Amino acid sequence: MIVILKQNHDRQKLEEFRRWLEAQSLMIHESVGMHSTILGLVGDTSRVDESLIEALDIVEAVRRVSEPYKMANRKFHPLDTVADIGGAAVGGGHFAVMAGPCSVESHDQLCCVAEAVKAAGANILRGGAFKPRTSPYAFQGMRESGIELLLEARRVTGLPIVTEIMDLQHLDSFADVDLIQVGARNMQNFELLKELGHSRKPVLLKRGLSSTIQEWLMSAEYIMAGGNENVILCERGIRTFETATRNTLDVSAIPVIKELSHLPVIIDPSHATGVARYVKPLALAAAAAGADGLMIEVHNDPAKAMCDGPQSLTPAQFSDMMGSVSAILGAREQAL
């Protein structure tokens with residue numbers, strides 16, 4: 001349920017109303033816009049008398065929200081959410097580029113890539129420390145040592161860092177990470193999502209391989225219901241019958257999410273395609289379609305990468321892509 005308040009409403013009466021709602025065991029999410037203030041009510045609203053609320057002189061209108069996700073719903077929060085990732089803004093017109101190696105392999109490799117992507121315009125450094133791999137025999141990442149190298153790269157470059165968590169038992173190791181990534185395989189790991197909801201640490205939530213948009217938003221709701229509203233959604237391709245690419249990038253998810261939710265949505269064309277030469281055109285398509293950012297894999301020597309070399313751009317290719325993305329963003333701004 002959402003309650004739209006009248007302009008210039010009495011603040012004392014609003015506080016009395018809030019206390020009454022809280023006595024009904026309801027959570028209240030207040031969204032203040034330029035022309036109206038909206039109260040989003042989360043909980044069992046079936047017991048609330050809608051006509052009683054409408055009769056209050058501070059209330060303009062009351063509406064029921066039929067979608068199962070409430071806090072992630074744009075009806076609750078008409079304005080775009082802007083996430084602050086260590087000083088880098090994501091959403092609300094702020095376009096972010098997260099770039100770096102699929103896997104942290106060494107100090108020299110990471111620092112080389114970090115300096116290169118920063119010079120090309122990236123404002124967040126990505127790198128895998130814990131790696132979920134299909135094969136148990138594949139490189140599993142440097143784990144805690146990888147996070148230490150990411151923190152060192154942050155000190156050198158000033159770029160905030162994002163890396164993936166795989167298990168709750170690793171949460172303490174992420175205390176200094178700027179943005180915690182939840183991978184596609186963990187999108188519905190609800191115990192993990194609930195704990196991240198209590199952490200207040202910004203979360204990048206990737207879409208599951210076979211998940212619908214509603215399931216994706218419900219996973220975001222798990223995090224937000226715990227009190228953490230700093231959630232960024234990441235479309236990374238879904239599993240279809242097509243085999244020409246690793247996954248099928250759902251570009252249509254961008255305008256759909258923009259309509260349904262206030263959360264920022266970024267695109268990962270590297271994992272979507274699995275092929276480096278397809279990354280640039282899909283990055284341009286994502287920028288043109290209104291995405292709030294990109295996540296790009298970059299490696300200084302993709303042929304020798306320990307993880308996902310075929311989908312990684314070289315620093316030179318990344319720089320070339322960034323120039324084209326900037327042109328698309330300029331055209332997008334003029335079109336709006």
Side-chain angles (χ1 to χ4, degrees), residues 67-74 80-81 83 85 90-91 95-99 102 124 126 128 130-134 162-166 179-194 196-197 202-225 228-243 245-275 278-279 282-283 285-287 289-297 308 311:
E67 295 87 357
Y69 49 92
K70 310 299 182 186
M71 301 187 73
N73 201 313
R74 187 172 285 280
D80 290 343
T81 285
I85 312 302
V90 186
F95 193 86
V97 178
M98 309 175 189
C102 175
I124 299 174
R126 64 139 296 151
F130 294 85
K131 294 302 302 178
R133 306 299 300 278
T134 302
V162 54
T163 191
E164 181 175 351
I165 190 170
M166 291 173 54
L179 176 61
I180 298 178
Q181 175 182 315
V182 175
R185 296 169 180 83
N186 267 324
M187 191 205 81
Q188 290 185 312
N189 183 341
F190 299 125
E191 291 302 315
L192 175 61
L193 300 181
K194 285 190 285 188
L196 291 174
V203 176
L204 177 72
L205 180 65
K206 285 200 166 187
R207 184 180 182 180
L209 280 72
S210 302
S211 298
T212 65
I213 287 176
Q214 179 163 300
E215 289 168 340
W216 189 16
L217 288 171
M218 287 304 295
S219 289
E221 191 79 6
Y222 263 93
I223 300 169
M224 300 178 76
N228 186 354
E229 298 180 16
N230 291 311
V231 179
I232 301 169
L233 302 172
C234 181
E235 160 63 36
R236 43 81 71 207
I238 53 176
R239 179 168 291 170
T240 69
F241 55 81
E242 184 54 70
T243 58
T245 54
R246 176 187 288 182
N247 299 289
T248 299
L249 182 64
D250 184 8
V251 178
S252 68
I254 300 169
V256 173
I257 289 291
K258 290 289 184 181
E259 181 178 74
L260 298 177
S261 178
H262 54 90
L263 297 176
V265 56
I266 71 168
I267 296 295
D268 176 355
S270 301
H271 278 94
T273 66
V275 181
Y278 300 150
V279 170
L282 289 181
D292 294 301
L294 298 167
M295 175 172 267
I296 307 292
E297 292 193 356
D308 287 343
Q311 68 194 35

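The structure displayed is predicted, hence computed values, not measured ones.
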Check: Thr273 side chain, Pro269 main-chain N or O, donor-acceptor pair, under 3.5 Å: yes

Side chain Lys258, main chain Leu263, donor-acceptor under 3.5 Å: no

Worked verdict on Ile180 versus Glu164 for side-chain contact (heavy atoms from CB on, under 4.5 Å): CA-CA 6 Å; Ile180 298 178; Glu164 181 175 351; over 6 Å; no

Pair Arg126, Gln181: side-chain N/O donor-acceptor within cut-off below 3.5 Å: no

Evaluation steps, side-chain contact (heavy atoms from CB on, under 4.5 Å), between Leu233 and Leu204: CA-CA 6 Å; Leu233 302 172; Leu204 177 72; over 6 Å; no

Whether Ser219 side chain and Met187 backbone form a donor-acceptor pair below 3.5 Å: yes

Phe130 atom CZ, over 12 foreign heavy atoms within 6.0 Å: yes

Enclosure of Arg185 CZ (heavy-atom neighbours >12, cutoff 6.0 Å): yes

Validation row: Asn73, Leu260 side chains within 4.5 angstrom (heavy atoms): no

Separation between OG1 of Thr81 and CD1 of Ile232, rounded to the nearest 0.5 Å: 10.0 Å

Spatial distance of atom CD (Glu235) from atom NE2 (His271) [nearest 0.5 Å]: 13.0 Å

Side-chain donor/acceptor of Asn189 to backbone N/O of Leu192, under 3.5 Å: yes

Side chain Asp250, main chain Gly237, donor-acceptor under 3.5 Å: no

Atom of Leu193, atom of Asn186 and distance for their closest heavy-atom approach: CD2-O, 4.4 Å

Rounded distance (nearest 0.5 Å) linking atom CD of Glu221 with atom CD of Glu67: 10.5 Å

Heavy-atom check, side chain of Ile267 versus side chain of Met295, under 4.5 Å: no

Separation between CE of Met98 and CD1 of Ile124, rounded to the nearest 0.5 Å: 4.0 Å

Nearest heavy atoms of Ile254 and Gly290, plus distance in Å: CG2-C, 3.6 Å

Side-chain heavy atoms of Leu294 within contact of Ile266, under 4.5 Å: no

Atom of Lys206, atom of Gly183 and distance for their closest heavy-atom approach: CB-C, 4.0 Å

Nearest heavy-atom neighbours spanning Ala72 and Leu217: CB-O, 4.3 Å

Steps toward side-chain contact (heavy atoms from CB on, under 4.5 Å) verdict (Glu297, Asp308): CA-CA 9 Å; Glu297 292 193 356; Asp308 287 343; 3.6 Å; yes

CA sep, side-chain torsions, deciding dist, call: Trp216, Leu205, side-chain contact (heavy atoms from CB on, under 4.5 Å): CA-CA 8 Å; Trp216 189 16; Leu205 180 65; 4.1 Å; yes

Thr240 side, atom OG1; Asn247 side, atom CG - distance, nearest 0.5 Å: 8.0 Å

Expected output: side-chain Gln188 to main-chain Phe190 donor-acceptor under 3.5 Å: no

Spacing of OG belonging to Ser252 relative to CD1 belonging to Ile213, to within rounding of 0.5 Å: 6.0 Å

Heavy-atom neighbours of Glu242 CD exceed 12 at 6.0 Å: yes

Contact summary for Val90 and Ala96, nearest pair of heavy atoms: CG2-CB, 3.7 Å

Side chains of Cys234 and Arg207 in contact at under 4.5 Å (non-hydrogen atoms): no

Side-chain donor or acceptor of Asp292 paired with backbone N/O of Val265 under 3.5 Å: yes

Nearest non-hydrogen partners of Arg239 and Ser210, listed with the distance: CB-OG, 4.0 Å

Whether Arg246 side chain and Gly274 backbone form a donor-acceptor pair below 3.5 Å: no

